[in-house]
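Sequence lines set the chain letters: A, B, ... in the order given, protein chains first and strands last, and positions in each chain run from 1.
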Amino acid sequence: MSRWSYFAKRLVLSVPVLLFGTSLVFIIIRLGPIDPVSAILGQNPDPRAYNNIAVQLGLQTPGGEPVPIWRQYIDYMTDLLTFDLGQSWVIKPSTGVYSIIASRAPQTIWLGFWSVLIALFIGIPLGFYAGLNPNTWSDYTASFGGIVWRAMPNFWLAVILVSVLSQSENFLFGFDWQSFVTETNVVTSPSLGFLTDPGQFVANPGPTFEEFVAATKQILPAALVLGSASMGNEMRIGRTAVLETINSDYVETAKAKGLPPRSIVWKHVFRNALIPLVPIITAEAFVLIGGSVLVETVFAINGIGKLFYEAILNGDIPLVGSLTFFFIILTLSLNILQDFLYTVIDPRVGYESD
Amino acid sequence: MAADDRATDRARTGPGGRDRGPDGDALRTVERPTLSVRNLQTAFFTDKETIRAVDGIGFDVREGETVGIVGESGSGKSVTARSIMGLVDSPGHVLEGSIEFRGRATLRRLADRFSGRTADVAGVEEADRAGAADDDDFVFVEEWDDGEPAAGYVEITRAPEKARRRLRGGGIAMIFQDPLTSLNPVYTVGNQIKEALRLHQGLKGSAATDEAVNLLEAVSIPDAHRRVTEYPHQFSGGMRQRAVIAMALACEPDLLICDEPTTALDVTIQAQILELLGDIQEERGLSIVFITHDMGVIAEIADRVNVMYAGEIVETAAAPELFGDPKHPYTRGLLESIPGRHPDDDRLRTIEGDVPTPNAPPTDCRFAPRCPEAFAECETVHPVSVAVNDDAGDHTAACLLYPEDRSREESVETHRARDASYAGGDGGGESGSGRDAAGETGPTEAGTETSEGGEPARRGGGQP
């Protein structure tokens, strides 16, 4: 089986996973303790209004008969799979779920982007550096730092960071974070107009660029918190992977061939060291979804994580269902991305002796 | 300088780098060995102890010759190979000794590149060479031809890392034990061969691909055109070892070090690889150092055999002689342990005990605790390499039983005197004695930084 047919197989296999995941969400929501009608109308509703809503939601036939659960399941699945996500019931009644997600998504994407970037571009190089210089002071420093970052719970780190940065001139020898480079608040949602209209960078470079810098600066503390665990993880795993690779026989062979150290490290060590890092990086991405709920709440960023949290608290079932569906798709795509990266990096993937 | 004295002297002492016999006769050959190792000491410094993995060995490899190094696990075979390649990693260090390499192409390349550290010793008498070479010289040119160095050698122990890198592959290539792991799994076999071609022959693009295909064909890999684009995991074990050999050949080396290249392969494949190595050697005039613990393999491929035990060479002889008439009790024990030698025995024969870890300069025979023929002096006198008897051409053993045509007391005294003169340090130069087979190990290894740096350089010279 070639590498690419292996990849195609993985792609096809993700369909049953998607079906199973969405079914699970249905079970949890519909069979759970939340009565959707009460969630909309509040406690002790008028029975007639209750029936109207129930019919509207597809829980009752107009004749007052309850719709059987398998019927509801089929309706639910058909809607989701045709990407008909319906409308929000509680958070923003009568607003399309799509438009709610669309208005919140950029904040989360911006946050996720930076936290992945911080983890990737600080964690991995630091880990590789430590692995190439094992048992030196720089290695000990990096490794210790990695453990500390890994160990700090992000809800705690988030609170600490907010309180330090909001009065940074008292803690950091007069360094004032809020007025650093450009004036921003610590706890706020970055304005991301430039994301929706990238043409502005050309048409109106000055102010747009300023907006970009401000948005980046605002997101950095949150991204640091969100990426901290991943950063520590990637550092540790990167170090181990490099150490393992550098002591392998093929590196010895490469040395015996007379290759200069630079090409041994870049060609023979790093690519092999990346293989165990791929699942770590993609697995960290799942953690980011959960972490964003927390971090967005603390930093008051109006993103999807915060939306998800509010939707659950308020029993906004279509919104919760759609978001979960959205998360499942995201997770699956990350899985597929992981397989894709594997296929690109490691030629042994999908190989069966035939 | 002293290194040159030794070189010339060695040229006179003949094939095995044998010590001059007790009566002073010496085999004279014009041909100088491609590689000659003298008093090589490599130690690993750990917190707990200093492990003298290679403790003062010496041997020669002539052009087109296969020299076997055989011994149990832990006897220092692989460390010897790595010392020659300059691949000893921290905490290991080559403490002392000289490794002279006479590959012509390498000499020319290094003399050209490191002209500042090249000593012109052409026509200089041995005695006057000290003046002709600077302390940091490591390329020694003995003959010039039209401004090009025609003869000379590279002193590997004194070479800087940059020069060693040029030497590796190009001058001395190495094949490792496990073909399954010695190829990088994420690059095609062709890619890895072409990497060597680009580095050592400057070939690129389609020229390199063609040459890679030729090399794969040269090591009898069928369908080389397709194979060159395949990954190592698509090769079988034997095929992979062939590919590794092709990669080594791509560097066009003068000397090939094979570190147990057939150990991981099954017997039929093993025979094919040995045959292939033989063919390649004949075709290209390669010198081969073949390291193994397998006496059967050594018998098949080696011209000369060095038997190693606990960091020392205990016996050296031409292969037929070693197998026909082994002298050292350890060699005998090794040969006895080959399964099938005594079909009537119920149990396989072994040598009782384990190889000791050589963590101090030797004051006794390291094999004595396991030796069936040990006597009292074995515990107090360190044996040096001597000719096994007066007629032995180049058969030496480091055992108090030899020379066998002397009385026991006389033999022991010979060993004691030679070891003492060695340990005494400065007098060693021309006394005609030495602890290794090559004798004449001068004390003035001026170039080795380690001996100057106060490292525990010399045996008997005090504890590290």
Can you tell me which of [options] forms the most heavy-atom pairs within a distance under 4.5 Å of chain A?
options	result
B:V244, B:L180, B:L183, B:I257	B:L183
B:P185, B:A196, B:G169	B:P185
B:Q192, B:Q177, B:R166	B:Q192

**OP:** Determine the option with the most heavy-atom pairs under 4.5 angstrom with chain B, choosing from A:P261, A:S248, A:P260, A:A254.
**Re:** A:P260

Original post:
Using a cut-off of under 4.5 Å for heavy-atom pairs, which of A:N272, A:D346, A:T245 has the most such pairs with chain B?
Top reply: A:N272

**OP:** Indicate the atoms forming the closest heavy-atom contact of B:M174 with A:A256, along with that distance.
**Re:** CB-CB, 4.1 Å

**OP:** Can you see which heavy atom on B:C251 is nearest to which on A:K257, and at what distance?
**Re:** SG-CG, 4.1 Å

Could you check whether atom [atom1] of [X] has more than 12 heavy atoms from other residues, nucleotides or ligands sitting under 6.0 Å from it?
X	atom1	value
A:F340	CZ	no
B:R108	CZ	yes
A:F7	CZ	yes

Subject >> Inter-residue atom distance B:Y187.OH - A:R271.CZ, 0.5 Å rounding >> reply: 5.0 Å

**OP:** Mind checking the CG-CG spacing from B:L199 to A:L259? Nearest 0.5 Å is all I need.
**Re:** 5.5 Å

Original post:
In terms of heavy-atom proximity below 4.5 Å to chain B, should A:I275 be classed as side chain, backbone, both, or neither?
Top reply: side chain

Original post:
Contact part of B:I172 toward chain A, heavy-atom cut-off under 4.5 Å: side chain, backbone, both or neither?
Top reply: backbone

**OP:** Decide side-chain contact (heavy atoms from CB on, under 4.5 Å) for B:D259 and A:E252; before the verdict, give the C-alpha distance in whole Å, the side-chain angles of both, and the deciding distance to 0.1 Å.
**Re:** CA-CA 12 Å; B:D259 188 358; A:E252 181 111 64; over 6 Å; no

**OP:** For side-chain contact (heavy atoms from CB on, under 4.5 Å), just list the numbers for B:M247 and A:T253, CA-CA rounded to whole Å, side-chain angles, deciding distance to a tenth of an Å, and then say yes or no.
**Re:** CA-CA 10 Å; B:M247 196 160 79; A:T253 310; 3.2 Å; yes

